[in-house]
Number of protein chains: 2
Amino acid sequence: MPAQHTRDGGTPRRHQTAARSARPTGHDVADAAGVSQATVSLVLGGKWEGRVSPRTAEAVRAAARTLGYRPNLAARTLRLGRTRTALLVVPALTGEFFAAVHQGAVEVATSHDFGIVLYPSPEGIEKTPDPFASARTALDGVIASSMAPDALATLRGEGLPLVMLDSDEGDCDATVNVDIADGMRQVAAHLLALGHRDVAHLAADVDSWTFTARAEALAHALRAGGGAVVRTERAALSVAGGLDAATRVLAPGSARTPTAVVCDDDLLAAGALKAARRLGLRVPEEVSVTGFDDLTLATAVEPELTTVALPAQRVGAAGMEALLAVVEGRPPRPVRLPVRLLERGSTGPRP
Amino acid sequence: MPAQHTRDGGTPRRHQTAARSARPTGHDVADAAGVSQATVSLVLGGKWEGRVSPRTAEAVRAAARTLGYRPNLAARTLRLGRTRTALLVVPALTGEFFAAVHQGAVEVATSHDFGIVLYPSPEGIEKTPDPFASARTALDGVIASSMAPDALATLRGEGLPLVMLDSDEGDCDATVNVDIADGMRQVAAHLLALGHRDVAHLAADVDSWTFTARAEALAHALRAGGGAVVRTERAALSVAGGLDAATRVLAPGSARTPTAVVCDDDLLAAGALKAARRLGLRVPEEVSVTGFDDLTLATAVEPELTTVALPAQRVGAAGMEALLAVVEGRPPRPVRLPVRLLERGSTGPRP
DNA sequence: CCGTCATAGTTTTACGTATAACGCGCTCGC
DNA sequence: GCGAGCGCGTTATACGTAAAACTATGACGG
């Protein structure tokens with residue numbers, strides 16, 4: 001006999017004085033229920049039917065309950081190699097948009113016995129290029145809205161399923177898109193209907209596919225309706241950035257002054273509102289302003305922003321569903337979610 | 001010989017056809033470097049000095065590098081029983097405050113080889129009373145800003161180090177507080193200096209210690225300076241909630257109309273601004289409004305909010321430092337961080 | 001020439017779980 | 001009456017890592 005186990009039926013098994021109140025293991029439950037650890041695993045794993053009698057199964061469950069047993073995740077992971085855990089990569093924790101995305105993903109995940117851990121990356125994804133270290137556990141898949149090239153390469157090298165949210169990245173297993181283009185089309189149609197022809201675009205100074213798409217869709221839709229983007233101004237993605245850029249756009253002396261300012265984001269639109277007020281322009285009587293994303297801020301400012309609401313929660317849910325499909329070997333189909341224009345007080349007829 | 005290992009020096013060790021591109025283990029590195037797995041662990045663990053020759057150590061490191069070896073976290077956790085991972089419990093993901101708290105905590109954590117995983121709980125902490133399941137890994141400690149009683153009991157039962165942020169919870173190992181009372185004192189002093197005496201308080205309708213503390217501190221400070229809270233109105237913690245409550249407070253016909261409205265949060269203050277405008281009251285000429293927390297929103301509205309800025313990032317950093325102290329057995333000392341009043345456009349002299 | 005000690009490793013074990021492989025006592029069909 | 005099958009378990013093993021215990025080789029002092 002090469003090595004007798006310390007654990008031989010009933011005798012205390014910890015070397016220490018038990019002062020640390022160590023968590024009970026499957027062996028403890030087995031001892032308490034008078035069965036073997038294997039049986040405990042079978043019962044608690046739910047695959048005991050036909051292998052363990054109902055009476056014994058109930059005894060095991062009772063023992064587990066009274067001991068407050070919870071399986072050791074590390075051991076389970078080591079054994080299975082899978083964790084039923086997905087990483088959700090979000091560009092920053094600040095945004096309300098991703099808070100809703102997260103919530104949607106969590107709801108789908110929990111209903112499929114999956115877990116979600118967040119990887120919020122301050123200042124883009126550049127700073128911490130190792131999502132794995134951040135996750136603190138093995139992963140079964142990744143859902144990401146944007147990702148630095150090297151981080152993406154690491155992921156692909158690991159062979160992890162990857163779902164991209166609102167991105168044009170081709171090298172992934174599934175995509176979930178929001179119909180940004182249609183949102184801008186709705187904005188354009190709304191402004192054209194109000195008589196506007198000359199529109200300025202406050203473009204977020206962020207190198208991301210979604211903003212490129214916004215610019216293109218806006219220009220296209222306006223032209224198709226007889227209008228035009230007469231000026232594009234890049235702005236830092238903040239209220240102050242919007243204020244600066246809008247001030248440049250709306251300042252008198254410009255050759256062809258726009259009657260409407262379309263912003264890539266509500267933050268910029270809030271800044272535009274401030275700029276208009278400082279320049280003595282009334283909104284929406286003298287100039288119309290539109291936002292994007294429908295943040296809390298959109299109804300906090302006066303007038304309230306006409307903006308485009310994105311189905312953030314559904315984005316998260318669809319992302320998680322797609323990941324589940326990939327993990328389970330089903331073919332995920334690409335998703336494109338609709339958006340909705342909310343007409344509020346910041347837009348009106350052309351002066 | 002009871003059981004010969006599958007792994008006997010050089011022979012392929014996977015049962016599968018290696019198509020899965022499994023991650024290399026410490027044994028693979030050992031084979032590549034011509035040493036044993038124990039040596040690999042020693043070298044990569046950094047405690048090889050005096051036990052392994054520099055030449056061998058370098059060979060091991062080189063092999064690990066070329067194979068792209070990264071230790072299996074689950075195995076390490078199982079072995080060590082510790083994870084160098086802390087759970088940060090935040091009430092919701094939406095708030096900018098906790099985004100900054102998180103960032104501060106992460107910075108301190110990473111510099112001490114610790115990790116942080118988030119536990120964002122939608123709708124208070126009630127919904128998912130099991131932080132452990134959410135963490136998806138074993139934990140070495142918890143930092144929490146608020147916590148449902150049963151979740152807290154679970155935590156304590158586990159014997160996990162617990163640091164509370166901005167709470168009066170006594171049953172924890174360390175606390176980090178923000179000097180909310182001083183913030184309200186500064187607000188009161190500011191308003192008193194502007195001549196205000198009759199002040200309304202828009203109280204957040206949230207059952208949390210921090211808001212109770214705000215109310216008490218405000219009343220106290222005002223009374224000490226010859227003023228008074230002539231009216232307290234509870235409001236849902238949102239712009240709409242602030243709008244409702246402020247409308248009730250500012251509507252004409254009240255016996256003793258306040259000349260200033262102090263709000264528990266910038267969201268409420270933004271609502272108060274809207275209420276004033278709808279009632280035809282100019283801010284700050286006819287009524288002053290103050291906020292709390294200095295959200296992005298505070299400078300997006302017009303006029304910009306006079307508000308109290310909290311050192312969110314330092315809260316997170318201090319929380320993580322306290323947790324490290326507890327984990328390492330050092331006595332953590334309680335922290336109380338200062339706040340700062342930002343005087344902006346929403347407050348002015350009493351009419 | 002032998003015991004001691006340092007160097008440079010290796011062998012072995014344990015962590016807690018899931019599961020494949022293996023009993024063992026009964027009951028049946030024939 | 002006896003092998004086959006079934007119901008109900010148990011035993012043994014592997015996952016990858018860290019670290020305690022051990023081994024082998026040489027140097028050196030007395």
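Lettering of chains follows the sequences in order, A, B, ..., and the numbering in each one begins at 1. As the structure is a prediction and not an experimental result, all values here were calculated from the model.
Contact annotation: B:T56 reaches the phosphate of C:dG9 (side-chain N/O to OP1 or OP2, under 4.0 Å). The shortest distance between the side-chain N/O atoms of B:S53 and the OP1/OP2 oxygens of C:dG9 is below 4.0 Å.
Whole-Å rounding puts the B:H27 NE2 to D:dT17 C1' distance at 9 Å. The CD-C1' distance, from B:Q37 to D:dA19, rounds to 10 Å in whole Å. The OH-P distance, from A:Y69 to C:dG16, rounds to 10 Å in whole Å. A:N72 has its CG atom 8 Å from the C1' atom of C:dT17, to the nearest Å. If you measure from atom CD of A:E49 to atom P of D:dG9, you get 14 Å, rounded to the nearest angstrom.
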For this session: Encode nucleotides 21-28 of chain D as B, S and - characters from 5' to 3', where the letter depends on protein heavy atoms closer than 4.0 Å: B to the base, S only to sugar-phosphate, - to neither.
Result: B-------
Review item, side-chain donor-acceptor pairs of residues 313-325 of chain A, under 3.5 Å, at least two apart:
{"from": "A:Q313", "atom 1": "NE2", "to": "A:E107", "atom 2": "OE2", "distance (Å)": "3.4"}

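No engagement by B:G45 is indicated, since no non-hydrogen atom pair under 4.0 Å with the nucleic acid exists. Here B:V35 lies in heavy-atom contact (under 4.0 Å) with sugar-phosphate atoms only.
Distances were taken from every side-chain heavy atom of B:R76 (C-beta onward) to each of D:dT10, D:dT17, C:dT17; the shortest belongs to D:dT17. Among the nucleotides C:dT12, C:dA8, C:dC15, the one closest to the side chain of B:L78 is C:dC15. Closest to the B:S36 side chain, of the nucleotides D:dT17, C:dT10, C:dT19, is C:dT10. Out of D:dG9, D:dA19, C:dT17, the shortest distance to the side chain of A:T39 is found at D:dG9. Among the nucleotides D:dG9, C:dG16, C:dT12, the one closest to any side-chain atom of A:T25 is C:dG16.
Place A:R82 and A:A75 on DNA chain C by their nearest nucleotides, and A:A75 ends up nearer the 5' end. Take the nearest nucleotide of DNA chain C for A:V40 and for B:G50: the residue whose nucleotide is more 5' is B:G50.
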